[in-house]
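Chain A is the first sequence line, chain B the second, and so forth, proteins listed ahead of strands; every chain is numbered from 1. Excluded from the calculations below are hydrogen atoms, water molecules and symmetry mates; all remaining heavy atoms, backbone and side chain alike, are included.
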Amino acid sequence: MVKFDPKKFEKKWQKTWHENDAYKTEETSDKPSCYVLDMFPYPSGSSMHVGHPRGYVATDVYSRFKRMNGFNVLHPMGWDAFGLPAEETAIANKEYPTVTVERNITKFKTQLQMLGLSYDWSREINTTDANYYAHTQRIFLQFFKQGLAINKTMSVNWCPELGTVLANEDIVNGKSERGGFPVFQMPMRQWVLAITKYADRLVEDLELLPEWPDKVKNAQRAWIGKSEGHQFAFPTDAGVEIPVFTTKLETLPGVTFLAIAPESELTKKLLEKAQNATAISDYIEASRQKTELDRQQLNVKTGVIIEGVNAVHPLTGSLLPIVVADYVLASYGTGAVMAVPAKDERDADMAKVLSLPIIEFAEADTKVLGEKLDAKSEKRYKIRDWVFSRQRFWGEPFPIVWVEGKENYDVIAQGPVGKWLPAQPVSYKDDSKEYFAVPVIPEYLSSMQLPVVKSYEPTGNIEGPLAGIPEWVNAFVNPETGEVANKAKDESWIAVKRETNTMPQWAGSSWYWLRFMDPHNNAEPFSKEAAKYWGAVDVYAGADHAVAHLIYARFWHKVMQDAGLVDYPEPFKRLEFLGYILASDGTKISKRKGNSRSPEEVVDEVGADAFRLYEMFIGPFEKPAPWNDNDLTGAKRFLERVWRFAETTIKSKVATSSEPAVSALQKTIAKVEADIESFKFNTAVSSLMIGLNEMQDEPVALPELKQFLKLLAPFVPHMAEELWQMTGETESIHQGPWPKYDASLIVEDNFMLPVQINGKHRFDIAVSKTATEDEVKSVLDADDSAQKYLANQTIKKIIYVPGRIVSLVI
RNA sequence: GGCCGAGUGGCGGAACUGGUAGACGCGCACGACUCAAAAUCGUGUACCUUCGGGUGUGAGGGUUCGAUUCCCUCCUUGGCCACCA
């Protein structure tokens, strides 16, 4: 007997698989395709803890299972390494971001490989690699060309601590998602992606995703927040009109005042006419100083009435006060609301604070009002256009340079750059000059690579750190060719300034699944053929990113679809969210608390296979589960039993397995394959244990043992391979095929039909699963325990479900 | 406040479209092996019991021959979103 010693064979098989390219995805294949994708990690911290591998092991089990079932499986891994997490770590370590990123990737990769995960490492990608982000820049050019990437001044979330603006999706509970810093509303000029133009499609196409959890679809609908209503304007006695948007036009008779956002342009206009301009200015300034958190969480409404200006009620002609109040959002609707305090709680709060009237009223007819007021039906969305620029160093540079003057822009437009220009030029005015955004076309993107700089820390101004580097900022464009260079090669070249903001972390992850399909393509982000062959990701597993990443990725996919790069509307067919592994005390694993062990330690103690098996057995995949060292030992103990069973079986040279053994095996096949398919790994493992329990004391021949090993292979690939070779096989067990389930081999011995009397289970009787009701009755008549209950009783009713139950009412 | 989800032994959890609640594992107890311990193997393990049986899936009610599963009310708890007019 050879002792079960995973250290002896786990490293060996990892090496062999690596040398044989065992998990390299076939480029062309007759097999059906299956794309199994993990949400790729950002290597910000220094290493993984014991909770991280859960998702990676699950997708590995699934991928191995699919490969054995004859699929050409794409199962890649890469690194989402641009953006705040990596940059903040680098700043904290006082080192260059590339150094941090490289070290963390190495560490992470070693830890993943230690687990025997079957990634095709030849497809590894890194979003900070110039070979990758050149394609992110190319895809941005598609947005630009289609008029979806625009540069505009709007009220945005400014985070002074991080020195950058943030998208709404980056704000959690009024603070920055990264670091939990305060965030302020400020009007600033920013790059914005027009996701609102896709809002309807993003809602409608959720119908195409039956394999997405409803809660994600609901969360996305809520985030997009489509509402339909009417827009019309209130006249004022100051000659300025105040446009409002309402979803309840019928409440117009109840309007007692108008409320406008402090940041709104309208407020500035009205300020000039106000008698209490100072008070209003003070209020605007006070609002500006408030953080998002304060605005949201202080439930006390504040506002100032504009004195000397009144709105006119369109139905009654009565004069309505106008209030500047920061409960009104500048960035939604018109930045002004008609307040109906009798119907709306927020308006009521405001009315009480300022002692404004609250009137009861009869609702009016929407249709009549709509015609009378010339109120147009409008759709509005909670989702904002995506603020896409960051005033940070560690991100993709925009493939954009700025040229001064329309004349110059027109000259450039004559050349090859012309076909990348949007119908509406992107421009801004600064003093008396006007600047135009000019794309750097794909052929010359190498001139837009992130430079190596002395200092990359955030500067806190809206130009970002790149603005301090003249060699980055100052450039020339050749209008004939579109080439961009730091020196003009002749007089025809036009001076330009490179864009100094960078893209957010979300950029690289908004299309990476497509790059995995064709990772070495230099000419384009990915080929149409590759995208067509693989199609949408079959299973996408990872943490719950219900709104941000999954909305951005769907948006980019649709834009790429419209650009003709992909020909299907949704990127991810099926989503599987992962529950976190908690520390043994039920709290979150945290490095600071030191309440968890390292994967290295666990692998060293019980081996990678036992670790994998334990993480699959720990509980339902989507639910959080606390780590338990005893249960880990249980997983190891099971593998030791499998090992002994296999050795005994090989030695025994039994010619034919017993009927119960064959039957047990068949049941296990059916259960394991159904459970893996539906990501119920915990019950799959449990059925493997049951299978072993039922087989280990029976005579088992080699073919049945080998089938059982195949069922184990996705979970414990090293041990399954080792035992497989011990049976005399020379090819890898992971090539399959998966055992074929044969229902006819299952024997149901001693089926006992449960008998219920008046709803209570009393005893069982031996009848066949297919017995007729009369047969059941005659068995009952002869059965002693039955007679105990039934003697001298009349059976009023009998319900018989063959193979299930018989229920008697007496 | 809104939208989801969850509450089952000492613990993690299982239970198909309503059909034997507690699979599987851990822990615990006893036994075998051992000088002894560990490891391993075997047996038992929801609770109460006068040994007939009774009670049990957060609480209370309902539908049903039958409810962890469906419906109503409530309690506890987790997640996500929260001034969007």
For nucleotides 38-47 of chain B, which of its nitrogen or oxygen atoms have a protein nitrogen or oxygen under 3.5 Å away, and what is each distance?
{"unit_1": "B/rU40", "atom_1": "OP1", "unit_2": "A/Arg637", "atom_2": "NE", "d": "3.3"}
{"unit_1": "B/rU40", "atom_1": "O3'", "unit_2": "A/Arg644", "atom_2": "NH2", "d": "3.0"}
{"unit_1": "B/rC41", "atom_1": "OP1", "unit_2": "A/Arg644", "atom_2": "NH2", "d": "2.9"}

Side-chain donor-acceptor pairs under 3.5 Å in residues 751-764 of chain A, sequence neighbours left out?
{"unit_1": "A/Asn758", "atom_1": "OD1", "unit_2": "A/Ile810", "atom_2": "N", "d": "3.0"}
{"unit_1": "A/His761", "atom_1": "NE2", "unit_2": "A/Asp764", "atom_2": "OD1", "d": "2.8"}

Partner residues of [X] under the side chain to side chain contact (heavy atoms under 4.5 Å, CB included) criterion, sequence neighbours left out:
X	result
A/Ser678	A/Lys680
A/Ala219	A/Ala546, A/Val547
A/Tyr552	A/Ala167, A/Glu169, A/Ile195, A/Trp386, A/Trp506, A/Ser510, A/Ala548
A/Gln696	A/Arg641, A/Phe645, A/Leu692, A/Asn693

Quiz prompt | Residue met sooner reading RNA chain B from 5', once A/Ser331 and A/Lys797 are mapped to nucleotides | solution = A/Lys797
Partners of [X] by salt bridge (charged side-chain N to carboxylate O under 4.0 Å, His left out), sequence neighbours excluded?
X	answer
A/Lys175	none
A/Lys588	none
A/Asp629	A/Arg597

Is there any protein nitrogen or oxygen under 3.5 Å from a nitrogen or oxygen in nucleotides 8-13 of chain B, and what are the pairs?
{"unit_1": "B/rG12", "atom_1": "O2'", "unit_2": "A/Ile618", "atom_2": "O", "d": "2.8"}

Quiz item: Side-chain donor or acceptor of A/Glu345 under 3.5 Å from a matching atom on the base of B/rG1?
Solution: no
Quiz item: Under the 3.5 Å rule, do the base of B/rC24 and the side chain of A/Ser686 count as making a donor-acceptor pair?
Solution: no
Quiz item: So is A/Lys301 actually on top of A/Tyr327's ring, under 6.0 Å and inside 45° of the axis?
Solution: yes
Practice problem: Using only side-chain N and O atoms of A/Asn693, determine if any of them is under 4.0 Å from OP1 or OP2 of B/rG25. | Solution: yes
Quiz item: Counting just side-chain N and O atoms, does A/Lys215 come under 4.0 Å of either OP1 or OP2 of B/rG5?
Solution: no
Quiz item: When syn is taken as a glycosidic angle within 90 degrees of 0, is B/rG79 syn or anti?
Solution: anti
Quiz item: Reading RNA chain B 5' to 3', what string of ( ), [ ], | and . shows its pairs, if Watson-Crick and G-U wobble pairs count only when both distances fall under 3.5 Å?
Solution: (((((((..(((......[....)))((((((.......))))))(((....)))..(((((..]....))))))))))))....
Please produce a list of atom pairs where a protein N or O lies less than 3.5 Å from an N or O of nucleotides 60-63 of chain B.
none

